[in-house]
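Throughout, protein chains are lettered first and strands after them, A, B, ... in sequence-line order, and every chain is numbered starting at 1.
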Number of protein chains: 4
Amino acid sequence: MTDQPVRNRPGRKRSAASRDAILAATLELIAEVGYAGLTIEGIAARSGAGKQTVYRWWPSKADVLLEALATKADVIVPVPDRGSLVADLREFLVDTFALGAKQPVGDTLRALMAQAQVDPAFGDRFREDFLLRRREVLGRLIDRAGDRGELPAGVSRETLIDVVFGTLWYRLLATRAPLGPELADELVALIARA
Amino acid sequence: MTDQPVRNRPGRKRSAASRDAILAATLELIAEVGYAGLTIEGIAARSGAGKQTVYRWWPSKADVLLEALATKADVIVPVPDRGSLVADLREFLVDTFALGAKQPVGDTLRALMAQAQVDPAFGDRFREDFLLRRREVLGRLIDRAGDRGELPAGVSRETLIDVVFGTLWYRLLATRAPLGPELADELVALIARA
Amino acid sequence: MTDQPVRNRPGRKRSAASRDAILAATLELIAEVGYAGLTIEGIAARSGAGKQTVYRWWPSKADVLLEALATKADVIVPVPDRGSLVADLREFLVDTFALGAKQPVGDTLRALMAQAQVDPAFGDRFREDFLLRRREVLGRLIDRAGDRGELPAGVSRETLIDVVFGTLWYRLLATRAPLGPELADELVALIARA
Amino acid sequence: MTDQPVRNRPGRKRSAASRDAILAATLELIAEVGYAGLTIEGIAARSGAGKQTVYRWWPSKADVLLEALATKADVIVPVPDRGSLVADLREFLVDTFALGAKQPVGDTLRALMAQAQVDPAFGDRFREDFLLRRREVLGRLIDRAGDRGELPAGVSRETLIDVVFGTLWYRLLATRAPLGPELADELVALIARA
DNA sequence: AACTAAACGAGACGGTACGTCGTGTCTTTCG
DNA sequence: CGAAAGACACGACGTACCGTCTCGTTTAGTT
């Protein structure tokens, strides 16, 4: 995720043990002290690595966390074609909500989105490496519905995606209301009915 | 915003001059150095106040910023009844988008939402003092539409609000795509058509 | 000790209750938290007085302490004439050591001497109001011995005083060895034998 | 003075440049602003070191000052045997007084003795690292005189040391009278005559 | 096998900001 | 009008992390 070596440089190779220990320590710490209490100093201490080793491979604590998250829950899951927008969208939403409703995952996502606001460079990486990949999945689903003529008029593909993810993120970030299947049903109703 | 004394306590009264200088300095600094570069130390120095004075009245820099924002753009604006959901909602969205599209306001909102994720106590205050007030305004508009029978079936009042604000915030936080009248039209189409 | 009124000024008179409460609180606090932990803030809080009231009457916490000490143990005690330097000096030393050996008195004296080094203005007041008065008492005793021809040659009156008080203070400040009658005997021996 | 390395610990070594800069800055500052005006903040700023670096190696500003003093005037100077108590003691006193009469040295000593009263832990270090070493030097001189039978009866070795240093310190701390060779003569007379 | 290069743990370094404490001044209200 | 209460500007405190920089050690190629 951080580099594509290919070559054959001399010198000691990157230690997979360190990498794993760092990512594991990060996940432990985020659960124990929260994102605000997470520090590179703490990650290094907990993992038994030196600070330099962390800085060598990740530009910020948010990037460590992003990679740690990726090791847990992979971001790209193909969506099988269930034959209709209603069925496809419902399945996608129920799966996605289930993931976000898991406490540690939801907390991490909130922290990363927060950091993306404060650190623009990380924001770009977060968009690229996470948000856009998720949009693509939903996008393919919507394109299939478009081919079937199931989409509402007057609303662009991109805006539809914004509405779906917007509602999801708004619940996560703002109201912190539960993400359940009822919300999935309502969103499906809103989009399919239009 | 912090207290409603009514009191007759002895002792020197809170200095309005200090309060104003602090809020003004905060707005200057957020424009100059951004939220990440904003510090209580810096606010105190720029405003000519002591750090203690800031800490006495606000629990965090985000709270200062929230109050500073409130002095600039008041949060509650009544929405006149234009006779139909389409007209009401479009006007509300265009006005709201126009505010959020202003660079300093949008930046500040993003920073506050970010901080709300990281600092749960501030999160509660932000919800209470800002987010819920905005929801109320939209809620009244939707209730009027409900009375007229203009609302889509199968979607609750709260979820409708989530969809509208969710899309708005998602654009602000995630895609950073422009908030223009076209988006307003699409949202109106989606909701009114359903 | 700080002022000699005589006057007929208008306005409310100085509150003796406040003065006493402040001095009493000071003695309590010095015992509880030591000189370093003693603050004007704390004295005011403990005594129920306002900080301003303390500042109005004493220039520093050391001055409060000096006056509090004076209320406890009066500084000038006449020394009866026992007929010889040996007897006079021994009595003076035993009495003086007994006072300094009392834990709170010794601690306070050490603190005041320390403060006198750090704050030159207080140093002058301490010398004037305390140290010189003590020297005078010993000086009179030595003068009587001089009249009797009991003093060693080659050592001035002032230097003799320096030697006696120097040894006393050095034990207090530096070695913190006990101040007992044996030391009195040795000093008497040294001076009378010479 | 703070540690006995010998070690083979990993990690970057202590920077001698920082140490020297800190001690030098301390001596400059004590001359410019006095002990009360001396702050760790100021020492760090003047020396170009970080505050943490100062705190890492010294527990208080007094300890920095003590070590800075030790780099300037070494504390242990052997006293040559001049053949008699009178000669030895006079030389010791004249040398010692000359040192203490130097304005910055005297000021620093006064400040350290003051701090030793206020901060008991530093008091122990001051006694151990400075006062006792000086006592040893004088002690050896007195032991030589004892071997020659030159000491007054009825006065212990330790008390003799107390008398000499007591008089010296009392002049420094209390009367602030000059430390000149006349005082040396008088002390020699007092002790040798007894 | 010797050499070179990089990664590693450890930890000191110059910094910045933190949140708190005490100072001495001021303003307000009460008795 | 004195004295309480308490807000204020100021400045230093000691701490926590930041991100960088040596150290000495370990691990891989490359000669």
Side-chain angles (χ1 to χ4, degrees), chain A residues 7-15 17-19 21 37-45 47-57 59-61, chain B residues 7-15 17-19 21 37-45 47-57 59-61, chain C residues 9-15 17-18 37-45 47-57 59-61, chain D residues 7-15 17-19 21 37-45 47-57 59-61:
Chain A
R7 43 60 166 280
N8 240 355
R9 285 188 300 144
R12 187 173 176 174
K13 282 189 182 131
R14 177 172 183 183
S15 156
S18 281
R19 193 195 96 112
L38 187 69
T39 64
I40 294 214
E41 200 109 8
I43 292 171
S47 67
K51 277 165 61 175
Q52 192 66 262
T53 302
V54 183
Y55 281 112
R56 190 161 13 232
W57 301 110
S60 77
K61 68 171 178 174
Chain B
R7 50 67 175 258
N8 234 350
R9 285 191 297 145
R12 185 172 177 173
K13 285 195 184 119
R14 176 170 184 184
S15 158
S18 282
R19 193 195 96 113
L38 187 69
T39 64
I40 296 216
E41 198 113 8
I43 292 171
S47 68
K51 277 165 60 174
Q52 193 69 259
T53 302
V54 183
Y55 280 112
R56 193 166 4 241
W57 300 110
S60 76
K61 69 172 178 174
Chain C
R9 285 190 294 143
R12 186 170 171 177
K13 285 198 186 111
R14 176 173 184 183
S15 156
S18 281
L38 188 69
T39 63
I40 296 218
E41 199 107 11
I43 293 171
S47 67
K51 276 165 58 177
Q52 194 65 258
T53 304
V54 183
Y55 281 112
R56 185 155 24 229
W57 300 109
S60 76
K61 68 172 177 174
Chain D
R7 49 71 177 254
N8 227 354
R9 282 192 301 143
R12 187 172 175 173
K13 284 189 185 128
R14 177 172 183 183
S15 157
S18 281
R19 193 197 96 113
L38 188 69
T39 63
I40 296 218
E41 199 114 7
I43 292 171
S47 67
K51 277 165 62 173
Q52 194 67 258
T53 301
V54 183
Y55 282 111
R56 190 161 15 233
W57 300 110
S60 74
K61 69 172 178 174

Practice task
Using modelled atom types only, decide if a donor and an acceptor are shared between the side chain of C:Lys61 and the backbone of C:Leu38 within a distance under 3.5 Å.
Solution key: yes

Exercise for the section: Would you check if the side chain of C:Thr53 reaches a backbone N or O of C:Ala49 as a donor-acceptor pair within less than 3.5 Å? Expected result: no

Measure the distance from [atom1] on [X] to [atom2] on [N] and round it to the nearest whole Å.
X       : N      : atom1 : atom2 : result
D:Leu38 : F:dC13 : CG    : C1'   : 14 Å
C:Tyr55 : F:dA4  : OH    : P     : 15 Å
A:Glu41 : F:dT15 : CD    : P     : 15 Å
D:Ile40 : E:dG15 : CD1   : C1'   : 16 Å

Completion exercise
In terms of heavy-atom contacts, B:Ala21 and B:Ser47 come closest through O-CB, 3.5 Å

Exercise for the section: Measure across C:Gly50 and C:Ala44 and return the closest heavy-atom pair with its distance rounded to 0.1 Å. Expected result: C-CB, 4.0 Å

Problem - Overall bend - the helix from E:dA1-F:dT31 to E:dG31-F:dC1, comparing terminal axes fitted on five pairs, nearest 10 degrees - result: 10°

Exercise for the section: Might you work through the side chain to side chain contact (heavy atoms under 4.5 Å, CB included) test for B:Arg14 and B:Trp57, ending with a clear yes or no? Expected result: CA-CA 9 Å; B:Arg14 176 170 184 184; B:Trp57 300 110; 3.5 Å; yes

Return the polar atom pairs (N/O with N/O) between nucleotides 11-13 of chain E and the protein under 3.5 Å, or none.
unit_1, atom_1, unit_2, atom_2, d
E:dA12, O4', D:Arg12, O, 3.4
E:dC13, OP1, D:Ser15, N, 2.9
E:dC13, OP2, D:Arg56, NE, 3.3
E:dC13, OP2, D:Trp57, NE1, 2.7
E:dC13, O3', D:Ser18, OG, 3.4

